[in-house]
Amino acid sequence: MDRSIRQYMVVTFNYWNFTLTDGALRMLVVLYFHQLGYDTLAIASLFLFYEFFGVVTNLIGGWLGARLGLNRTMNIGLAIQVLALLMLAVPGSWLTVIWVMIAQALSGIAKDLNKMSAKSSIKGLVASDQQGVLYKWIAILTGSKNALKGAGFFLGGVLLSTIGFQYSMFVMAGVLLLVFLGSLIWLDQDLGKAKSKPKFQDIFSKSPSINVLAAARLFLFGARDVWFVVALPIYLGTVFDWDYYWVGGFMAIWVIGYGVVQGFAPSLTGKRSGKVPNGFVATLWAAVLVVIMAGVAVGVEYQWHPQTVIVVGLLAFGAAFAVNSSLHSYLIVSYAKEDGASLDVGFYYMANAMGRLIGTVLSGWVFQVSGFAACLWVSLAFLIMTVLISLKLPHYVHH
């Protein structure tokens, strides 16, 4: 087996294990604190540090990756996550909101170091003239990540009901510790290290196409999270009276389905005919989301079979969103500079995390003030912005 495939397998194995525990952790925190009687805005606030530190980490993490090497940033991410899990394994009476927010902040840092390292390292493992291979590898990594995150939601529910919150933390920390030790042994030392040492001001991307893509990404992810993170689970639970396992199950199916579609995205966007996607294709798929969201928002606003509209509409939205996300993930790695790719990738995922942070805050606030339909209208406005920004993307692909 050649070196680059072996390295890809180590990176993917690390990323998979990390993602599974990350999804389980999110569900465990939501379910456990709901059990303890926390209200929805308080539960959303537990994730604010997670998202906020994701923004910071993506900005600095790309710079660190280019300076230290991606093997180090990936291993640091694994080590920090083990620490975060052990912080949550303390007795229940110690789990104050501040303590959990700090643990979640560490977890957010760890997740984004891991994700940035995994995606950037692939750029270094694929020859620059093999854009089709790059798109396929990125799609597999991203798609499998979301399928595993969904599986993690299920795992979280199962762990909570069988061994409880504390033991779940110990088990997950133990698994990740083993992955971390394996990664120290098998990952190449100079993976993704830039030949020239980038300066700190280099973290802001100088490439216009990357800046446009980052802005589109910010609105794209804000449009998803404004209804997905807080509003949807609470709406399903309170208005439709679904119990927590149904809610968790629907969210898990949504994320797994999203991951499966992401894996197929290359064949949906013209890879079969030998084409790799460009800015025009990204704009087109963003427009598809506008149409779907408009339909869902109108259905919910006028209470026209809201349950069916939400379930069917949001599953359709998830499928189209997955294609959008996969296209973006390919375009960013394609636009990124060969030397120190993690800088450009880090800047772009910083915009991604910023969109999620804005979406998370708005999700709790808009829902509390104006209800679920209002969240969908905000989402629609964000999607229209995504289309308008995407019109400025280059209609060719760099080589």
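Each residue takes its place number in the sequence, starting with 1.
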Just wondering, do [Y] and [X] contact through their side chains at under 4.5 Å, heavy atoms?
X      : Y      : answer
Leu159 : Met172 : yes
Leu314 : Leu232 : yes
Met354 : Ile358 : yes
Phe47  : Val29  : yes
Met169 : Leu28  : yes
Phe13  : Val10  : no
Trp227 : Phe317 : yes
Val290 : Leu380 : yes

Spacing of [X] atom [atom1] and [Y] atom [atom2] [to the nearest 0.5 Å]:
X      : Y      : atom1 : atom2 : answer
Asn14  : Met74  : CG    : CE    : 4.5 Å
Leu78  : Leu177 : CG    : CG    : 10.0 Å
Asn324 : Arg224 : CG    : CZ    : 12.0 Å
Gln166 : Leu95  : CD    : CG    : 8.0 Å
Ser168 : Ile163 : OG    : CD1   : 4.0 Å
Leu213 : Leu331 : CG    : CG    : 6.0 Å

Ser363/Asp225 under side-chain contact (heavy atoms from CB on, under 4.5 Å): CA gap, chis, key distance, verdict: CA-CA 7 Å; Ser363 190; Asp225 283 1; over 6 Å; no
[X] and [Y]: which non-hydrogen atoms are nearest, and at how many Å?
X      : Y      : answer
Phe18  : Gly77  : CE1-O, 3.9 Å
Leu393 : Ala282 : CD1-CB, 4.0 Å
Ala353 : Gly54  : CB-C, 3.8 Å
Phe53  : Ala105 : CD1-CB, 3.4 Å
Ile292 : Gly313 : CG2-O, 3.6 Å
Leu85  : Ala173 : CD1-N, 3.6 Å

Residue list, salt bridge (Lys or Arg N to Asp or Glu O under 4.0 Å) with Arg217, at least two apart or on another chain: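 Arg217 satisfies salt bridge (Lys or Arg N to Asp or Glu O under 4.0 Å) with no residue once adjacent residues are dropped.
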Identify whether [X] and [Y] are in the same connected component of the hydrophobic contact network (ILVMFWY, side-chain heavy atoms under 4.5 Å).
X      : Y      : answer
Leu388 : Val226 : yes
Leu315 : Phe240 : yes
Leu220 : Val291 : no
Leu83  : Phe49  : yes
Trp99  : Phe52  : yes

With [X] via side chain to side chain contact (heavy atoms under 4.5 Å, CB included) - residues at least two apart:
X      : value
Ile102 : Met87, Ile98
Leu20  : Leu148, Ala151, Leu155
Val239 : Tyr235
Ile80  : Ile76, Leu106, Ile109, Ala110, Leu113

Residue of the set Leu383, Val387, Ile384 for which side chain to side chain contact (heavy atoms under 4.5 Å, CB included) holds with Leu289: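 It is Leu383; the other options fail the test.
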Counterpart residues, ring pair (Phe, Tyr, Trp, His ring centres under 6.0 Å), relative to [X] (two or more places apart):
X      : result
Tyr258 : Trp254, Phe321
Trp16  : none
Phe382 : Phe219

Qualifying ring pair (Phe, Tyr, Trp, His ring centres under 6.0 Å) pairs, either residue in residues 159-186, two or more places apart: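 Non-adjacent pairs meeting ring pair (Phe, Tyr, Trp, His ring centres under 6.0 Å): Tyr32-Phe165.
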All side-chain hydrogen bond (donor to acceptor under 3.5 Å, both in side chains) counterparts of Thr73, not counting sequence neighbours: Ser117
side-chain hydrogen bond (donor to acceptor under 3.5 Å, both in side chains) contacts touching residues 74-84 (sequence neighbours left out): Asn75-Ser183, Gln81-Ser107
Summary of side-chain hydrogen bond (donor to acceptor under 3.5 Å, both in side chains) pairs that have at least one residue in residues 293-318, sequence neighbours excluded: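 Matches after skipping sequence neighbours: Glu301-Trp377.
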Candidate list Thr360, Asp22, Asp112, test side-chain hydrogen bond (donor to acceptor under 3.5 Å, both in side chains), partner Tyr50, passing option: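 The side-chain hydrogen bond (donor to acceptor under 3.5 Å, both in side chains) with Tyr50 is passed solely by Asp22 among Thr360, Asp22, Asp112.
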Thr283 side chain to Ser390 backbone, donor-acceptor under 3.5 Å: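 Such a contact is found between Thr283 side chain and Ser390 backbone.
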Working for side-chain contact (heavy atoms from CB on, under 4.5 Å), residues Leu86 and Val82: CA-CA 6 Å; Leu86 291 174; Val82 171; 4.1 Å; yes
